[in-house]
Structure formats: structure tokens, C-alpha cells
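Residue numbering restarts at 1 for every chain, and letters A, B, ... go by the order of the sequence lines. All values below come from the heavy atoms of this structure, side chains included, with hydrogens, waters and symmetry mates left out.
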Amino acid sequence: MIDFDEVRKLVDENISRVISLGATYVDARFFLEDRSETLVMYDGNLEVNDTTLESGIGIRVLWDGAWGFAATSDLSGMGKCFDRAAGNARTAAGLVQTPVSLGRAEPVKGGYSTPVEIDPFTVSLRDKLEFLSGLDNDLKDDFILRRVVVANLMKRRIHFWNSEGSDVEKNLVHVFGRMMVMAVDSDGEAQRRSMGLYSTGNGGAGWEMMTNPELFSGHASRIKSELAQLIKAPRMEYGRRSVILLPGQGHLQVHETIGHPLELDRILGYELSYAGGSFVELDSFGKLQYGSEKLSVSAYGGIINSPGTFGFDDDGTPERDYLLIDKGLLVNALTSRAMINEANKRAGREVFKRSGGAARASAFYRAPIDRMTNVNIVPGTDGTLEDIIASTEDGVILDNPVSWSIGSNREHFHFGCEIAWEVRNGERTRVLRNPTYQGHTLEFYRSLSAVGDSSTWRVEQVDNCGKGEPNQIMQIGHGVPVVRFDDVITGERE
Amino acid sequence: MLNTGIREILLKVRDEARGSGIDARFLLHHENSHLMRIGNNSVSLNTSEELYRLDVVVREGTRQGSQTYLGMIDDIQVVRDVLKSAVDKARLAPPRDYEPLTDRVEENVDEEDQYDEALENLDPSFKEGAYGDIFARLGGKYNYSGSWSSGSTELYVITTAGDKEAYHKGTDQLFSVVLKHPGTGWELSGRQTGWRVSDFDADKTVTELERLLKVFEGADGRMVEPGTYTVIFGAAAVAEIVEMAVWTGLLGRGWEEKRGWTAGKNPGDRILGENVSLVDDPVNPDTFMFGFDYCGRRRRIFPLVGDGELINLMYDSATAAKYGKKPTGHDINSLSLVMDTGFGGEDPLKAVGTMGRVLFIPDLHYVNIPSESAGIFTGSSRFNAVLVEDGEMVSPIFSTRVTDSFVHILGGIVELSSKSESVNMSNTYGRRSPVAMSVPSYAVCAEVKITDSADSF
Ligand SMILES: [Zn+2]
């Protein structure tokens, strides 16, 4: 058994010790419990029935302007882990051009717990499996070749302490659900239709989301009937037209071409060896027209039940609500303490006033980097989906990604989707299969011509955002309405 | 050999499980990882993690449950609890409609062929020094990034179905440096892979980058109009395309489910060009060699495609059980994919000397699959990409998108290098799982579809 008070005492002692040796800053993230459960029903067979439990501590030391990090599960060797992190920082300090500075911050004391009606880890496995089997049953049909139902549940109890005297406790719960059906079309190609659990931004984030028919479980018959149409549908032809993105696709568009390019570490060039850079420059803030005036984008957005909501980031900064893009103008980025100090210093002006609370690490054994929290398009005034269709002359409605490939500076993109509905003269005419579209980020967002109202807005959950080295998988939320872009290249040239 | 204390605990709990009639597999994964990251000419992160992960999978009839634990394995009760959790989960699982296969370690294995103690214990200052040296030699006017991952992996598998033990210990490293021009924004990259400290050679990277710098410093970037082009794909791009083609076309699961681009094809059918032969070769030293898989099955040389014809599909244990096939030792992340070399000279520029205007795309960024059935992939150029005219590199090209099919690209190779290159394909998302492929150092493909280009790098 882990003696929490003992851990805390050891952490306090070691933080003081490493500071007294010469470190500028030290923090510790202790994961008392990092639990996840994955259940996958594949054609009615429970193929994955797994729980994972992780526990340990990650230590970050800033020494002479350089970061060192070390992690261990061996709490009896905690002193050694602090020494290793300090040693790593001292080695790193031998090759530093711009010393890392965190600026000054008041100690943060506080706690955050995800609002949960039903903790998914208190639901018996029997009840969970009964629910998933029921859903699997709803997906059955003669023409369907493959059915998949997935539940992915997470629970984390994290304590954060730093040498500034901060003390933060977080209890996070995330629930992800996905269902998918697959069939073969008239050309013998596999087609699929899927649905991921979403939220309205309000309410609990526990098992209750999974069993809520509106948010997840009630969509089985819809995706089945859409798949039935899809396998008989003609292929999408190449051409320029409007694209109307439903939130199932719009959230990934935002994720890849607004979220990632606005991570400040990426803008500053700290991801060049892996994920890539950003076409956004420090000079762009307050000047760059990112999109049309209809585009306003928020970070966090006051969403209470999303995987991008966590109370305090891994610098200890409280999460806060602010605009990234205001009526098309780029105004802010996804930021952490160290990155804003470096950016302001490099720019020679105060580009960023304070940290956006976006420093996040995926596990105790990973160091925090700048991540998305919730990155959201603010609902607009162009009415419902039906209103937007009615005002569209020639377009397609697109939903759910099949494929996404983005340029290394996020300046261009190519997406493949599950399904398209053709729109001609204000009416939905037919379903099209194998839809794809591509574009250049700024040109695309500047062509944004309609943003749906709050009736079209929903929070989509992302459980697999990859970034960083060592690589980290992060959970993120995106509140997005239905959006329409004009004159977009769709389909593939023959 | 595995830490004696841990081995004894695991064997004891295994024996207890067997005594209670439990059908279980124990997989221990131990990593000692180090990574140095470079950004803006500085070490931006210097990190060490030592982690033990234990996976216990329990089968009860057709039911199954598993528990993964990441933490210390120094107390037998911890391992008993992990086993109990897996047992409880298996008991509550609904029965499956097929009989799963029993996991059994086929042979005692104790392999350390690719283990270098010096690499496992490499002092981070070695990496810091090497980066500093490279920056100094290539010049201070550029912006440097990079990462250097190194470490060791131990794998240990035992099962209740037998007394044999499979043990693997190896080291691996992946070095990269990215050089970016602060004004124009082009990026050059150098990478190295290996399992020994001595596999790293700073001179090699400096020489390669100096050669490219002459072209990149000497000409402006060019935008490539969409259309079809002859393209030289470098080793990294070839490895990326081949790996994607294998995952979407040569896994038994996708084939049985008619999802992939080989659906409807059978062994003996032509699926790729005559000059394409692929094998999963766990004894090829240009790959990271794993002699057994996570279920304890022996991994052997396994031909996939021979002269363009489909030979075998890879079956993991669950797929094999479900479809009545034999498992092929592929319950593992670390394949050893090898693509046979061809008859082209070593120099790709000479190979296209008479072909006029050609794109040289050494590396593909962010490849994804818009259609698994049609085997269509898309990705864009990033590092080191240039326009070649009559065998001469003439100018760098802007970020350029390739959208084409495996069948077309790997069916239309007009020149294939006779020299092989080891390409490290590891990622560090989950547990340390080193992966390297051996591929021809270049492949020249005709009529490659370029579908978009940016006006910047
Ligand atoms: Zn992402």
C-alpha cells in the first residue's frame, strides 16, 4: 500500500534538497492511481476486456535554464529519481541558447474533480458488458459484415507540488464510446459508418454519458440506415463546391488546422524534429486574418464535462476561458508558462499576457508540453443545419473522418470522410461515398460562409491526439457547430 | 537474464495459477529509456524513465480477461492481485463464438544478440556533445532541432501451458537532427538507427547534410503543379509506403474481413510489381530482431510477397482462432519487414540521369489511408525534397502532396536500388517497441500522382 503522507513528505524534502543544491525550479506529479479500462465488442465477441493500472512519480527540474525529467514507479527510490532529473537538467544546461524561464507565479493551492454522476469504475463489469451487448445487438442487420462497440474509461488521481509552494489535487474521469458498422459496397469496397460519444458541454462526464441515448446509445439505428444508403451510393466526383461539416468531421478539422498550429511550442519550433512546425508566427497575433468574420474560436470554453477540462494544467496553472480567434482575427495561442516567457522575449513585446493553462502530460512518466484543452468554434447566427442546407446552392454535407493527412506546418490538409450527402439548390439530394476534400488552411477558413447556431453545437471527444517525443497520447474536447466553407476542392482528380 | 527476484515471483505466481487450474499468460516488459530532445539549438528536454509493465491474460473456456500493471514488481502479492483481476474479468466475460488458442511458449529462448551495455548506460552528455559538434560543423546560422532516443527493452513470456521461458534483451537508438533555414523555412533532416553506441557516426550526418545544403542554399524553392511525375522515393518514404501497404493488405484480419486492398486476392495471385518481394525476417540484423511473439510463438522468416505475388498473410492468435487458420508469430508490434533490393546502382541521381525532370522525395510526412479497400494513401513531402533535372539536384520543392495507391506505386517501380538501408520505424507512444525495416535505399516510380502543393516548405 502506498502511504500518501509518506510520499508527500519525501517529495517536500527532495524538492527542498534539489533547490538547495542549485535548481531554479522543481515540480513533482504523483499519480496515486492512473486507471483505464478498455472493452471492445467485435461482432458480438468481447475481444478486449482489459484494465490497466499505473502508478508512479514524474520529476521535472529546471537548472541553469534547462529542463531535466525523470520518472519512476519505485517510490522507495524517490531521492534517486530527483537526482536523475537534476542530473539530466545539468547535462542539458551544457547546450542551451535561450535559457528556459518560468517567470514568477504565486503558489497555487486547489483541487479539481471532474463532475461525475456515475463513476465508471463503480459500475460492475457485468452491467457494462450487458449495456455493450445490447448496443451490439442494435447494430445487427443482414447486410452488415462487421460490428464494433468500444468503451474506453479513464480515471486519474494526481497530486502536483512545486518549489513555489503550489499544491494541487486532481481527480479526473473520462468516458469514451464508439460504435461502428461495416459493409461492402457494389464495387466490393468496404464502407463504414460510425459514431463517437459526444456531450452537450453540460452535465456529468461519467458512465451516464454512455447510456444517454441522445449522446451515444440511441444512434445505432441511424448509422445502420446511413450505411445501407452508403453501400448503394455513387462515388463522389472531383470538383469545387461548398462543404458543410457536421461536428463529427468539423471537430477534426478544427483539431488539425486550428488547434495544432496554435500550440505555442510548435510555433516556437520545439516540435520540428517530429510533429512539425506552424505557419503561424509570433508576429501573426493581433494581425493575421485566420478566417472569415464568422470564425471565433475559444480555448477551454467553459465546457465542464470534456476530456479537455481538467481544472489545473501540469504547470499548476488554473485552466481558463479565452479566445484564440476573434471574428476571424488571430489573438491568442495554446500556451504554458515557459513558452509565453520565451515568446515574449523573442518578440520583444508582450504577445501573451499569461499562460493559457495548456501544459499537459499524458502520464507520470512523460513531461508536460503545450497541448489543446478544449478548442471550440463559437456557435454562430446562421441557424440550424436545415437552414444552412437551404442556403447552399452546390455542396456536400460531410461527416466523420476516415483519413487525415496534414502538411508539416499545418498549412494544407487532406481529409477522407465516411459519408457525404449532396446538396443542390438548397436541398439534400443523394448520398455519395468515398468523399474526400483538401485545402490550404487560411484560404479555407476565410471561405467560412455559415456557422450554425447553438442547436447544431456539440462537444466531440478526441482520445488519441499524438504529439511530442517521447510520444504522448492526449485526450481533448472540441465544441463545434455545423459549419460551411465555399469553393473547396472535393473528390480526387482521375 | 531477467532480474532473478522478478523471475522468481513470476514463476511462483504462474505455478500457483496452474495449480488452481487457471489458463494464463504472463508478459513482462521492462524498459530503460532515455531521450534527449533538441529545439532552437538547445536541449529542450532530457528525460529518463525506467518502467516495468506486466500483462496477464487469462482464458476461461472461450472467455478472456486481461490486466496490465505498470509499477514495481517487487512484491509477490502485487502479481497475485494482477492475476486475480484478470481472472475476475475473464469469469464475467460473455463467451465468444469461437475457441481461442492456448498461449504456450514454444521453445526456451534467451536472446541478447542486439544488446549493447554501453548504449543502455549511455551518459546523456555523449548526446549533448554530439549535437553541439554537429551544430558547430554545419554552421551557426541555422536553427537546429532533433531527438535522440536510446534504451533497452526486456521481454519475458511464460504461460501456465508449459514450463518454457522466452526472454529477450536488446538495445536500440534513433537519432535525428533537423536543420531549418531561419529565413526561407526549408528543413533538412538526418537520421541514424542502430543497437550499438558505435552505430552512431556524426560524420555521416554532417556529410549528408553538407551535400544537401549546397542545393538548398543555391536555389529558391519551387512549387510543384498537380499532375503525374516520375518520383524517386528515398528509403524513409519507401519504408513508410511499404509498412502502410503491409498493415492494410497483408494482415490476416483485414483480409478475412475483406477490408484491405488485397481482398479477393489469394496466395499465388499477383498483387504488386514483379520487382517487389517482402518478407518478415526476424533474423535480419538491419531490423530489431525478436525471436518470439507476445504469445510465446517462435518467429521465423516469413515470406509475404515474392516477385509481386502474394505468398502469405500474417495471422495473430485471435484472428487465427476465429478463422480457423494457424497463427504465424505475429502477436507483436516489432515486425522485421524486409523489402528485397533491386538492380539499380547505388546513386539515385544516376538512376534518373536520362529521365529528365524528376521529383526526389526522400521522406513522407503524415501518411494516411483514405481508402483501405483501394489501397490509397496520401502524405506530403517534408525533409530534403528536391527537383532533379537530368540527374542533377536543381532546387528544393515546397510541401507537395502525393495521393496514390500501393498497387500503382509498388506496381510501377522502374528502378530499385541494389543497396539496402535500415530505417527505424519506432515510435514511443506506448511501451518501448523498437521497429526497423530494411528497404532499398531508393525506388524510382513512374506516373506518381501529385495532388497538391503549398507555396512554402
Ligand atoms: Zn492531434
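Taking the six-membered ring for Trp and the full ring otherwise, F175(B) and W148(B) have centroids separated by under 6.0 Å.
F457(B) touches chain A through its backbone: at least one of N, CA, C or O sits under 4.5 Å from a heavy atom, while the side chain does not. Interface remark: R53(B) contributes side-chain atoms only to the contact with chain A (heavy atom separation under 4.5 Å).
Between R147(A) and D136(A), at least one side-chain nitrogen of the basic residue sits less than 4.0 Å from a carboxylate oxygen of the acidic one, meeting the salt-bridge criterion. Comment: K89(B) engages E37(A) in a salt bridge, judged by a side-chain N to carboxylate O separation of less than 4.0 angstrom.
For the set R126(A), M182(A), E271(A), the entry with the most heavy-atom pairs within less than 4.5 Å of chain B is E271(A). Counting heavy-atom pairs under 4.5 Å between each of A89(A), G276(A), S133(A) and chain B puts G276(A) at the top. Between chain B and the options A367(A), A363(A), G466(A), the largest number of non-hydrogen pairs under 4.5 Å is found for G466(A). When each of R366(A), Q472(A), E47(A), E469(A) is scored by its heavy-atom pairs under 4.5 Å with chain B, the top score falls to E469(A). Of the listed residues (R192(A), R60(A), R84(A)), the greatest number of heavy-atom pairs within a distance under 4.5 Å of chain B belongs to R84(A).
Within the 4.5 Å cutoff, no side-chain heavy atoms of V78(B) are placed close to those of M72(B).
Of the candidates T51(A), T38(A), D50(A), S66(B) forms a side-chain hydrogen bond (donor to acceptor under 3.5 Å, both in side chains) with just one, namely D50(A).
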